Engineer: 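Please read through the structure below; I'll follow up with questions.
Source: prediction; values computed, not measured. Numbering starts at 1 and runs along the sequence shown. For the numbers below, each heavy atom of this structure counts, side chains included, while hydrogens, waters and symmetry mates do not. Each ligand, and each atom within it, is numbered from 1 in the order the structure gives.
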Amino acid sequence: MYRVLYRKYRPRFFADVIGQPQVTDTLKNELKSNRLAHAYLFTGSRGTGKTTCSKILSKAVNCLNPVDGDPCGECEICKGIDEGTILDVVEIDAASNNGVDDIRTLREEAVFTPAVAKYRVYIIDEVHMLSIGAFNALLKTLEEPPAHVIFILATTEVHKLPATILSRCQRFDFHRIAPVDIAERLKSVCNSEGVEIDDNAALLLAGLADGAMRDALSLLDQCISRTEHITEEIVRQTAGLADKSHLFEITAAIRTKDSATAIEIIDRLYRDSKDMARLCDELTSHFRDLMLIKTVKQPRDLMVMSDEDYNKAYEQAMAMPFEEVVDAIGILQSSKEKMLRGANRRIEMEMTTVRLCTPMAKQSVSPEIESRVANIEKTVINLEARPTLSENKPKRLAPDSKANRPSDEKMERLRGKAVPMAEWPEVIEEMRKYSKTVAASFEGSTAYISEKYVLVDSANSICFDLLRNNEKLRSKMRDVIKSVTGMDYWLGRYSYPDEEQADDALSQLKNDLKSAGIPVDDNK
Ligand SMILES: Nc1ncnc2c1ncn2[C@@H]1O[C@H](COP(=O)(O)OP(=O)(O)O)[C@@H](O)[C@H]1O
Ligand SMILES: [Mg+2]
Ligand SMILES: [Zn+2]
């Protein structure tokens, strides 16, 4: 029977876990010196080893002959846990067992001493999915854990956990795995599978996986099902990688301020049914690559592209002033936002391109370009008669200045008490009946309850703009929340963007890089 690669190659020992020494070394030391915690929290993005390490840890604490902090893998306990026959180790998927009753059952059971192993181990995966009641029940156990019980909580979304739970756990952060490390692992897996893989192909695959080993192995699985010799071209085809030549062409036109050519390319792509929002994203990430090349000491490792494309990108990066690259990212991002708010995508893309071809915003614009922009704007009005462009233009949204916010202390206090609001998806569903657009702006958001507030958290600030500027909408939302929960709540925001960093693509990028441990050259 065929077993998918990522299952087949799940590490069985800490020593086989790649790229997470801050976790594996520390755990091994604790195990060797017998300093175990009662609750562990594993956080980090998907496919980085959280579930894998939970399983290894559950064996290591119970193994009859542990070796240097690692489980032996051979004794009856290790084997039993691997086969799932030892009932003292329990795996709970909080996504499907998130109710208060599930946790109560667990609590009642936890008081009994383990049947065969030394410790009862509860692995609660996706723990952020627990309901408020379930969190509270879990908290009671975490406050006075029986000596023979160990909890391992795993989540990709640690910010959704109540502070009360966090403070009771020893926390381990799993990092995205570096492309070179993933590539090494892919090569060794190919070796075991009797498949050949080119170095470039392994690197490309690794880059596409964006730090997640699981994704890298899944993609490798798909490549292997097509061929026994994996080349870069195969990876590209399998992943459906787009040809980047149009991005290079547009960038070249922007660099030489050739707006006519740039618009021609856009038109050609449009006629080929290219989605303009997608194009805008691709261009943003292309300019981001150029910025990386100009910023990072060893950019090659971070770039998901062939040598040929890399050399071209390098040339483009060197030929453009740094400010221009950074400005372009800002302009493209705001253009994407306008597209999401409903602007005509093609026209928005054309206007943006013209703007990008205009030498630095402050300098005077040539009459030719000015009239071009004016023409385009006219078309926008004729085509769409969008109220935002007519004379009753709404006031620019008031900036979300510090003066309008609750004090930092109050926010700290509220966040400290916040518990995830399980009914939030239902609230959004109800809002959909009122307005699809409003509901859409809340997609991907979460909410917490704290004191008499519902605190909304979203990476997409549009929903906050909508709420802030529309009293009717706010009261509608409060009504819906009341109808769902039976309670009166005020609406608030869970967190505010850091003012200094907002919109500063460069400092954001630098911070991302630094936190990923990549050296950044501040002087370039
Ligand atoms: N750090 C790692 N080292 C080696 N393989 C890994 C690592 N992280 C993930 N994998 C591979 O990916 C698969 C899924 O990993 P898993 O631990 O379930 O990820 P998570 O729980 O963090 O989403 C594993 O079976 C393994 O094949
Ligand atoms: Mg997992
Ligand atoms: Zn063992």
Engineer: Out of all atoms in ligand 1, which are within 4.0 Å of some heavy atom of Pro11? Include the element for each.
Structural biologist: 4 (C), 5 (N), 26 (C)
Engineer: If you draw the axis of the six-membered ring of Phe14, does the NZ or CZ of Lys28 fall within 45° of it and under 6.0 Å from the ring centre?
Structural biologist: no
Engineer: Quick one: which ligand 1 atoms are inside 4.0 Å of a heavy atom on Arg46?
Structural biologist: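 So the answer, numbered in order with elements, is 23 (O).
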Engineer: Would Arg7 count as a polar contact of ligand 1, with the cut-off being nitrogen or oxygen pairs under 3.5 Å?
Structural biologist: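 The answer is no, given that Arg7 and ligand 1 share no N or O pair closer than 3.5 Å.
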Engineer: How far is atom 9 (C) of ligand 1 from its nearest protein heavy atom, and which residue and atom is that?
Structural biologist: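 The answer is Gly47 O, 3.3 Å.
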Engineer: Tell me which part of Asp125 gets within contact of ligand 1: side chain, backbone, both or neither, using heavy atoms under 4.0 Å.
Structural biologist: neither
Engineer: Is the distance from the Mg ion (ligand 2) to the nearest N/O/S atom of Thr52 under 2.8 Å?
Structural biologist: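 Coordinating: no.
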Engineer: Which atoms from ligand 1 have a heavy atom of Leu217 less than 4.0 Å away?
Structural biologist: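 The atoms of ligand 1 under 4.0 Å from a heavy atom of Leu217 are 27 (O).
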Engineer: Any chance you could lay out the ring pair (Phe, Tyr, Trp, His ring centres under 6.0 Å) test for Tyr494 and His159, step after step, and finish with the verdict?
Structural biologist: CA-CA 10 Å; Tyr494 184 75; His159 58 279; 7.7 Å; no
Engineer: Check for me whether the distance between the ring centres of Phe112 and His148 falls short of 6.0 Å.
Structural biologist: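 Centroid distance Phe112-His148: not below 6.0 Å, so no.
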Engineer: Would you say Thr51 has any N or O atom under 3.5 Å from an N or O of ligand 1, going by distance alone?
Structural biologist: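 Yes, Thr51 has an N/O under 3.5 Å of an N/O on ligand 1.
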Engineer: Identify, for atom 6 (C) of ligand 1, the protein heavy atom at the shortest distance, and state residue, atom and that distance.
Structural biologist: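 Of the protein heavy atoms, Met213 CG, 3.4 Å lies nearest.
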Engineer: Measure from atom 24 (C) of ligand 1 to every heavy atom in Phe174, Tyr6, Phe42, Tyr9 and give the option owning the shortest one.
Structural biologist: Tyr6
Engineer: Does an N or O anywhere in Val17 fall below 3.5 Å from an N or O of ligand 1?
Structural biologist: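 Min N/O separation from ligand 1 is not below 3.5 Å for Val17.
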Engineer: Check whether the ring centres of Phe42 and Phe174 lie less than 6.0 Å apart, and answer yes or no.
Structural biologist: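 Yes.
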Engineer: Quick check: does Ile18 get an N/O under 3.5 Å from an N/O on ligand 1?
Structural biologist: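 In this structure, Ile18 places an N or O atom under 3.5 Å from an N or O of ligand 1.
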Engineer: Which bit of Thr156 is near ligand 1, meaning a heavy atom under 4.0 Å away: side chain, backbone, both or neither?
Structural biologist: neither
